[in-house]
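We count ligands from 1, going down the list as the structure has it; atoms in each ligand are counted the same way.
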Amino acid sequence: MKRSFQSIFSAFLQRVIMNVLILGSGGREHALAWKMKQSPLCQQLFIVPGNPGTEALGTNLPLSVSDFPSIRKACADHQIGLVLVGPEDPLVHGLTDFLESADELGDLIVIGPSKEGAQLEGSKAFAKSFMIRHGIPTAGYREFNAENFEEGLQYLSAHTLPIVLKADGLAAGKGVVIATDHDAAKQTFTEMIREAKFGTAGAKVVIEQFLQGIEMSVFVLTDGNDYLILPEAKDYKRIGEGDTGLNTGGMGAVSPVPFATPALMKNIEEQIVKPTIRGLQQESIRYRGFVFIGLMIDSDKPYVIEYNCRMGDPETEVVMPRLESDLLELLMATAVGMLAGKRVETDPRAAATIVAVSGGYPESYAKGFPITGVESLDPDALLFHMGTTQKNGELVTQGGRVLAVTAFGKSITEAAANAQSQQANIQFEGKYLRRDIGYEFP
Ligand code: AMP
Ligand code: GLY
């Protein structure tokens, strides 16, 4: 029997086992660690710094994700073969380039783009001009800074409402303001540029057209040439039911997205995914990792709202549970530029995740409340820690978003109902969650 290079290579990958280090401490990293742990190719798993959830899956190393020299030393000490970077911050600050240039780390694989590639998330102005250069559909925009500030004010005065203002740099998810009147827009613009409301992130501001429609997210794994599209998801960003109130990091997510028909997914692939990967290639931008594309779908037409250079949180908590393929095998294929022959196997069931948050979040909230009931979940429900810690042997709240529960179902409604009834097992003072995750998909 003549075997294809692909099948020989797959067989080779099956024989490689390695130590893996996952960077980050949230629900996303817990979900990635949970999935990684299932791979027969994963020998030892380390999480930096991890959380009480990841502790059960591997070894947590108490280092900061921004302490590059210590991460480099941990990679050497623990003979790490592959680093998977969860959050954007280290990527935007060049962790991938730093680790890849360390001679003692040899052929260490880093999943996460170069500093230049991470600019897709690290600079809104970079992302917008990239999209324009490559004909990728997105909202019309202009960029302004202290030098053309007055022109910016005039531009705002003449702009149709609502107006979207975006701080150029990373602003911990708070850098986007949607103004519904001109005075508010000008005030925000002034605060960003003249009063450094978002620090240096707001020294440059992107002003863009408001897009109508419904949002969804697409996750792409790329080796810089080829790509795979992972299960899509939709997240729920507002604190209140019916998508009301303040923005949060995400209160829940569902996958699949029922309106993402094969025809729409094909359009997204042709009009957005392919030109994005080709654009990175044409501009010689090194990119090996995830591209999370936030989309607005307006009457079946997709527009890019934003790129992220990593997976989403809480989207990962539904995407990883639906991924049937071996995650580490996919990441190894990414590392050696062999994604072309790979397929993404997906669990056909629907998944929903519901996030329990501290009372008061996303504004100020208290921490340190004991969490009970985590051991009472059904075996087929998944618990992902987001903001918890151990104190005197007790699990306590430590963040705004505390923990996510993911469940499956035949439909989004059933999955969400299951996630909600499993969440009811867990108690802590001030616990709040949305009871309407997936509400648009009866
Ligand atoms: P971002 O921080 O880029 O994810 O933006 C936060 C949220 O603001 C997005 O998820 C959208 O809900 C909204 N948003 C951003 N840009 C636009 C736009 N051009 N039109 C409408 N809504 C937007
Ligand atoms: N859930 C949105 C994000 O991870 O950026």
List the steps and the verdict of ring-ring contact (aromatic ring centres under 6.0 Å, His included) for Phe98 and Phe68.
-> CA-CA 8 Å; Phe98 177 81; Phe68 291 7; 5.7 Å; yes
With atoms numbered from 1 as shown, which atoms in ligand 2 lie under 4.0 angstrom from a non-hydrogen atom of Phe292?
-> 3 (C), 4 (O), 5 (O)
Looking only at distance, does Leu211 have an N or O less than 3.5 Å from an N or O of ligand 1?
-> yes
Are side-chain N/O atoms of Ser157 and Lys186 paired as donor and acceptor at under 3.5 Å?
-> yes
In this structure, atom 19 (N) of ligand 1 is nearest to the protein heavy atom Glu208 OE2, 2.7 Å
Does atom NZ of Lys115 have more than 12 heavy-atom neighbours, drawn from other residues, nucleotides or ligands, at distances under 6.0 Å?
-> no
Check: Gln281/Asn225 side-chain N/O donor and acceptor closer than 3.5 Å | yes
Numbered in order shown, the ligand 2 atoms found under 4.0 Å of a heavy atom of Asp235 are 1 (N), 2 (C)
Do Asn247 and ligand 1 have an N or O pair less than 3.5 Å apart?
-> no
Could you list the atoms of ligand 2 found under 4.0 angstrom from a heavy atom of Gly249?
-> 1 (N), 2 (C)
Got Ile239 and Met251 here, is their nearest side-chain heavy-atom distance under 4.5 Å?
-> yes
Enumerated ligand 2 atoms positioned under 4.0 Å from heavy atoms of Gly312 | 4 (O)
Are any non-hydrogen side-chain atoms of Leu280 and Glu283 less than 4.5 angstrom apart?
-> no
Among all protein non-hydrogen atoms, which one is nearest to atom 12 (O) of ligand 1, and what is the separation to 0.1 Å?
-> Glu215 OE2, 2.4 Å
May I ask you to check whether Asp97 and Ser114 show a side-chain donor-acceptor distance below 3.5 Å?
-> no
Is it true that atom NZ of Lys391 has more than 12 heavy atoms of other residues, nucleotides or ligands lying nearer than 6.0 Å?
-> no
Whether Lys166 lies under 4.0 Å from ligand 1, heavy atom | yes
Within the side chain of Asn51, is there an N or O that forms a donor-acceptor pair under 3.5 Å with the backbone of Thr54?
-> yes
How close does the nearest protein non-hydrogen atom get to atom 1 (P) of ligand 1, and which residue and atom is it?
-> Glu306 OE1, 3.3 Å
For Phe210, counting its heavy atoms only, list the atoms of ligand 1 lying under 4.0 Å from any of them.
-> 20 (N), 21 (C), 22 (N)
Considering heavy atoms of the protein only, find what lies nearest to atom 5 (O) of ligand 2 and give residue, atom and distance to 0.1 Å.
-> Arg310 NH2, 2.9 Å
Contact atoms of ligand 2, heavy-atom distance to Glu315 under 4.0 Å | 1 (N), 2 (C), 4 (O)
For ligand 1, which part of Lys237 has a heavy atom less than 4.0 Å away: the side chain, the backbone, both, or neither?
-> side chain
Atom 23 (C) of ligand 1 sits nearest the protein heavy atom Ile178 CD1, 4.0 Å
Could you tell me how the ring of Tyr155 sits relative to the ring of Phe144: parallel (under 30°), tilted (30 to 60°) or perpendicular (over 60°)?
-> tilted
Taking atom 8 (O) of ligand 1 as the point of reference, which of Val176, Val164, Ile207 owns the nearest heavy atom?
-> Val176
Just distances here: any N/O of Lys237 and N/O of ligand 2 closer than 3.5 Å?
-> no
Between Tyr227 and Glu269, is any side-chain donor less than 3.5 angstrom from a side-chain acceptor?
-> yes
Salt bridge Lys234-Glu315, side-chain N to carboxylate O under 4.0 Å | no
For atom 15 (C) of ligand 1, the closest protein heavy atom turns out to be Ile305 CG2, 3.4 Å
Under 4.0 Å to a heavy atom of Lys124 - the qualifying atoms of ligand 1, by number | 2 (O), 3 (O)
